[in-house]
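Side-chain atoms are counted along with the backbone in the values below, which use heavy atoms only and exclude waters and symmetry mates.
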Amino acid sequence: MTGYTMLRNGGVGNGGQTCMLRWSNRIRLTWLSFTLFIILVFFPLIAHYYLTTLDEADEAGKRIFGPRAGNELCEVKHVLDLCRIRESVSEELLQLEAKRQELNSEIAKLNLKIEACKKSIENAKQDLLQLKNVISQTEHSYKELMAQNQPKLSLPIRLLPDKDDAGLPPPKAIRGCRLHNCFDYSRCPLTSGFPVYVYDSDQFAFGSYLDPLVKQAFQATARANVYVTENADIACLYVMLVGEMQEPVVLRPAELEKQLYSLPYWRTDGHNHVIINLSRKSDTQNLLYNVSTGRAMVAQSTFYAAQYRPGFDLVVSPLVHAMSEPNFMEIPPQVPVKRKYLFTFQGEKIESLRSSLQEARSFEEEMEGDPPADYDDRIIATLKAVQDSKLDQVLVEFTCKNPPKASLPTEWALCGEREDRLELLKLSTFALIITPGDPRLLISSGCATRLFEALEVGAVPVVLGEQVQLPYQDMLQWNEAALVVPKPRVTEVHFLLRSLSDSDLLAMRRQGRFLWETYFSTADSIFNTVLAMIRTRIQIPAAPIQEEAAAEIPHRSGKAAGTDPNMADNGDLDLGPVETEPPYASPRYLRNFTLTVTDFYRSWNSAPGPFHLFPHTPFDPVLPSEAKFLGSGTGFRPIGGGAGGSGKEFQAALGGNVPREQFTVVMLTYEREEVLMNSLERLNGLPYLNKVVVVWNSPKLPSEDLLWPDIGVPIMVVRTEKNSLNNRFLPWNEIETEAILSIDDDAHLRHDEIMFGFRVWREARDRIVGFPGRYHAWDIPHQSWLYNSNYSCELSMVLTGAAFFHKYYAYLYSYVMPQAIRDMVDEYINCEDIAMNFLVSHITRKPPIKVTSRWTFRCPGCPQALSHDDSHFHERHKCINFFVKVYGYMPLLYTQFRVDSVLFKTRLPHDKTKCFKFI
């Protein structure tokens, strides 16, 4: 309205012109847009309509723009391929869609399972946490219970007295010295290891007067002793050798006493000292008779009652074999029991008892009570009467054909040379030893020499005189090896000797041989026995024996071990839990600090018999498995009762008193890699196998590209210093079980056979339990022993090429058995299995145990071994006869006992009872 008014009034300005221009521009744009719309829309419609009308007006075959049918279109050649591709792609798309839907379904199911597993894992974690808490609480309760039942012990503080501090109050009389008042226990704690310091005799004046052989032998054995130390400040015991002296050196008592008191560690009274006077001859002088030895112990072969302190001083055997080992070929056999002479005696008395007493200043000063009776005349008359009666063949001579050996007063002097005396004793069943007529003379080197020679050749000693102090008498039970008869019973001696049975005689002879070999025969045995006597008295345990260190050969493993169908065919016999029983060692036992008290007499008086002999002598080092071997199955280990049950339960567990146990396979091999690998693979899956120790006996190492099988347990390849069959029985430190299965590299045994043998061994742990049996036989035409491998219902040996035995015997074989036997094994490269059978039968007096009916165990197709050599059996004949000479008798025992399972390889339902029955 305002603009209209302005126009009428002629008031048009610049603003009005601008609005008019804008309005005219908008009108032009609108018409232009409409025109373009008409052209772009209606023109194509008109053109389409025109073309369609034109196409319908022509003939059907000449249409160009009209639509065509599908079939007509596909008839075109270049379109056909495209049609086929479209159809194929369509089908594949349909299939892929179906698969996609199927996979989606499976993914959904798996997601559900994953969720379920996550929940199970969470539940398992909670259960595991609860079990850990329960185990922790149980362990805590167990520790509390053990703390309540067992006091807490700590090692004692080692006390080292000052160098010049005597540390002990002086006794009222030197003859009253005993351990409690003359021995300083503070220097010898239970955990000290019993260190011993040995003085060097050459650093003292009297050292130049010593017998060179005695001094050399003593120094050699001291250097090799496990207890000897060079640190005198920590020593528990101090040892000084003072005799025997060379002839004709005579050292005055005052001079010897002065030199003793000048020893650097004498400490004013000589406590914890041992003065050793070894006698190599029967007339060795009693150097220490008038010498004040203070609190020092005296060890010698001659003692007067005035100088001997019971429980403190030691009576030792003479050192006959100073620098030589006994010749076993010269030692007579222990059988036959009866020899040519019932008893023999040769000797001559230089001075009677009465003349000896008259030489004293006054009899009352030397003796208390009535004068002793002189029974020598009665003894001479009685023994001559027995000889004249001709009831038994005896030989007694009271006058020497040649001048007798020098002797002490009232002592029966030795006649002839040592070789002549031994030849006579070899023909004697008993050897008479008449003690000196002077009761003040408790023991002399002459009597000790007679005892030594009798034991050496197997003549049972008969000692006339109960007052005698025999060597190591407070430790050894001499009644098991000798007869000690009071002199008044001399008229009953003949009856007593004739009343002994052959079995008793053989037992005494064997015990005497054991005592001689262990405590008398060499300088090592004498020195070790002296130390063991003192160590046992003060209740210090022996040092543990050092096991054989295994030098492992690096090897590669990883080849999957196959399964031999012959080995896996065990019928329906369940061999035991394979996966659930990982390798574990037998509980180790080291002799505790109370065994020297509880096991005292058995240790020192172990005759050849079950669980006895060599290693139980106190001077021998302690074997780690010793007590377990003696007590297995008798409650030594606090393990629950048997869990074998019956049927399948019996098969799935060892049961018995030691229900958890494994064994170690020791396999000896020599440059037969293929055979070895096959044998190792056959052990795959063997139950209760702890490990395999392969003793590589060749100086040539295994091939670098050799791939060892993986059998589920460790395989330890041990390198040996030399090629020796004795390496089979070395107590390797890698053997951590009591049970050892010794097996050859070409042995072929099924798993069920091995398991059966293991079960049988666990019932007889002191025996050799194996498969191939052999026996010995007496060759009448040649009067010698033969080795026989023919099939027989009787056996006396089990070959260790496939046998179980206790590791205890490995120590005995390697460290205690006579070296001559091992030397012969090395010489012939043969007979190590015979040697082990001899050893075990000698110790236990029991034959081995054969299991199953196997007589051979060689794998088919394996290369021939040494046993196929023609000389193999000839060498084994020689070995048996040599071993008999070393032991002095035939220790092997025959047996017709064989252990078989009644249900061996028998197929029965699992619900039926299955137990091994022995026949």
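Phe398 and Phe345 have tilted rings, their planes meeting at an angle from 30° to 60° on a 0 to 90° scale. Taking the six-membered ring where tryptophan is involved, the planes of Tyr304 and Tyr289 are tilted, since the angle between them lies from 30° to 60°.
You'll find the side chain of Ile379 reaches within 4.5 Å of the side chain of Leu464, heavy atoms only. Between Leu319 and Ile526 the shortest side-chain heavy-atom distance falls below 4.5 Å. Counting heavy atoms from C-beta outward, Glu453 and Arg418 have side chains that approach closer than 4.5 Å. With a 4.5 Å cut-off on side-chain heavy atoms, Val239 and Phe218 count as touching. Put simply, the side chain of Thr518 does not reach to within 4.5 Å of the side chain of Ser525, judged on heavy atoms. With contacts defined as side-chain heavy-atom distances shorter than 4.5 Å, the pair Phe303/Val315 qualifies. Put simply, the side chain of Arg280 does not reach to within 4.5 Å of the side chain of Val320, judged on heavy atoms. In this structure, the side chains of Leu414 and Arg421 come closer than 4.5 Å at one or more pairs of heavy atoms.
Taking the charged nitrogens against the carboxylate oxygens, Asp184 and Arg295 have no contact shorter than 4.0 Å, which rules out a salt bridge. Salt-bridge check for Glu517 with Arg513: passed, with a basic side-chain N closer than 4.0 Å to an acidic carboxylate O. Using a 4.0 Å cut-off between charged nitrogen and carboxylate oxygen, Lys405 and Glu417 count as a salt-bridge pair.
Between Pro471 and the options Leu476, Thr529, Leu451, a side chain to side chain contact (heavy atoms under 4.5 Å, CB included) holds for only Leu451.
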Determine, step by step, whether Thr399 and Glu348 satisfy the side-chain hydrogen bond (donor to acceptor under 3.5 Å, both in side chains) criterion, reporting the C-alpha distance in whole Å, the side-chain angles of both residues, the deciding distance to 0.1 Å, and the verdict. CA-CA 5 Å; Thr399 303; Glu348 182 175 344; 5.3 Å; no
I would like to know whether Phe343 and Val396 meet side chain to side chain contact (heavy atoms under 4.5 Å, CB included); could you show each step before the answer? CA-CA 8 Å; Phe343 63 84; Val396 291; 3.8 Å; yes
Under the criterion side chain to side chain contact (heavy atoms under 4.5 Å, CB included), I'd like the reasoning laid out for Leu425 against Glu456: C-alpha separation, chi angles, the key distance, then a yes or no. CA-CA 9 Å; Leu425 290 174; Glu456 181 179 5; over 6 Å; no
Evaluate the criterion side-chain hydrogen bond (donor to acceptor under 3.5 Å, both in side chains) for residue pair Gln300 and Asn286; output intermediate values, then yes/no. CA-CA 8 Å; Gln300 60 182 13; Asn286 188 0; 3.0 Å; yes
How far apart are the C-alpha atoms of Thr229 and Asn231, what are their side-chain angles, what is the distance that settles it, and do they pass the side-chain hydrogen bond (donor to acceptor under 3.5 Å, both in side chains) test? CA-CA 6 Å; Thr229 178; Asn231 189 355; 5.7 Å; no
The test is side chain to side chain contact (heavy atoms under 4.5 Å, CB included); show your working for Thr191 and Ile540 and say whether it passes. CA-CA 8 Å; Thr191 59; Ile540 294 182; over 6 Å; no
Run the numbers on Asp233 and Tyr265 for side chain to side chain contact (heavy atoms under 4.5 Å, CB included), then give the verdict. CA-CA 9 Å; Asp233 295 331; Tyr265 303 99; 4.1 Å; yes
Run the numbers on Lys426 and Glu423 for salt bridge (Lys or Arg N to Asp or Glu O under 4.0 Å), then give the verdict. CA-CA 5 Å; Lys426 291 177 183 179; Glu423 290 300 323; 3.4 Å; yes
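Formation of a donor-acceptor pair under 3.5 Å by the Arg450 side chain with backbone atoms of Leu432 is not found in this model. Looking only at distances, a side-chain donor or acceptor of His273 sits under 3.5 Å from a matching main-chain atom of His271. Not one N or O on the side chain of Thr302 forms a donor-acceptor pair closer than 3.5 Å with the backbone of Ser444. A donor-acceptor pair is defined here as one N or O able to donate and one able to accept, closer than 3.5 Å; no such pair exists between the side chain of Tyr472 and the backbone of Val530. Formation of a donor-acceptor pair under 3.5 Å by the Gln246 side chain with backbone atoms of Ser208 is found in this model. Side chain of Asp438 to backbone of Glu411: no donor-acceptor contact under 3.5 angstrom is found. Using modelled atom types, no side-chain atom of Ser192 and backbone atom of Cys188 make a donor-acceptor pair closer than 3.5 Å. Looking at Gln346, its side chain never comes within 3.5 Å of a backbone N or O of Cys400 through a donor-acceptor pair. The backbone N or O of Thr221 lies less than 3.5 Å from no partner atom in the side chain of Asn225, so there is not a single donor-acceptor pair. Distance alone, capped at 3.5 Å, places no donor-acceptor pair between the Arg440 side chain and the Ala305 backbone.
A pairwise comparison of heavy atoms in Phe520 and Ser317 identifies CD2-CB, 3.0 Å as the closest pair. For Pro541 against Arg535, the heavy-atom pair with the smallest separation is C-NH1, 3.5 Å. Contact detail for Ala296 and Asp313: the closest heavy-atom pair is O-OD1, 4.4 Å. Minimum heavy-atom separation, Lys215 to Leu210: CD-CD1, 4.1 Å. When all heavy atoms are compared, the tightest approach of Glu466 to Lys487 is OE1-N, 4.0 Å. Summarising the geometry of Asn272 relative to Cys236, their closest heavy-atom pair is ND2-O, 2.9 Å, with the distance given to 0.1 Å.
Side-chain atoms of Gln334 and Tyr887 include no donor-acceptor pair closer than 3.5 Å. With no hydrogens or angles considered, no side-chain donor-acceptor pair links Ser814 and Glu548 at under 3.5 Å. Residues Gln539 and Tyr185 bring no donor and acceptor atom of their side chains to less than 3.5 Å of each other.
Between the CD atom of Glu480 and the CD atom of Gln511 there is a distance of 5.0 Å, given to the nearest 0.5 Å. Distance CZ/Arg187 to CZ/Phe194: 13.5 Å, rounded to 0.5 Å. Distance CE/Met297 to CG/Leu237: 6.5 Å, rounded to 0.5 Å. One distance of note links CG of Leu260 with CD of Glu255; it measures 11.0 Å at 0.5 Å rounding. Between the CG atom in Leu422 and the CD atom in Glu330 there is a gap of 9.0 Å [rounded to 0.5 Å]. Rounding to the nearest 0.5 Å gives a distance of 10.5 Å between CG of Leu515 and CD of Gln477.
Taking the centre of each ring, Tyr199 and Tyr197 come in below the 6.0 Å mark. Ring centroids of Tyr238 and Trp266 are separated by 6.0 Å or more, keeping the two rings apart.
Counting non-hydrogen atoms of other residues, nucleotides and ligands closer than 6.0 Å to OH of Tyr308 gives a total above 12. Surrounding CD of Glu721 are at most 12 heavy atoms belonging to other residues, nucleotides or ligands under 6.0 Å away. Around the CZ atom of Arg252, the shell of radius 6.0 Å holds no more than 12 heavy atoms that belong to other residues, nucleotides or ligands.
Applying the side-chain hydrogen bond (donor to acceptor under 3.5 Å, both in side chains) rule to Ser301 yields the partners Ser279; only residues at least two apart in sequence or on another chain are considered.
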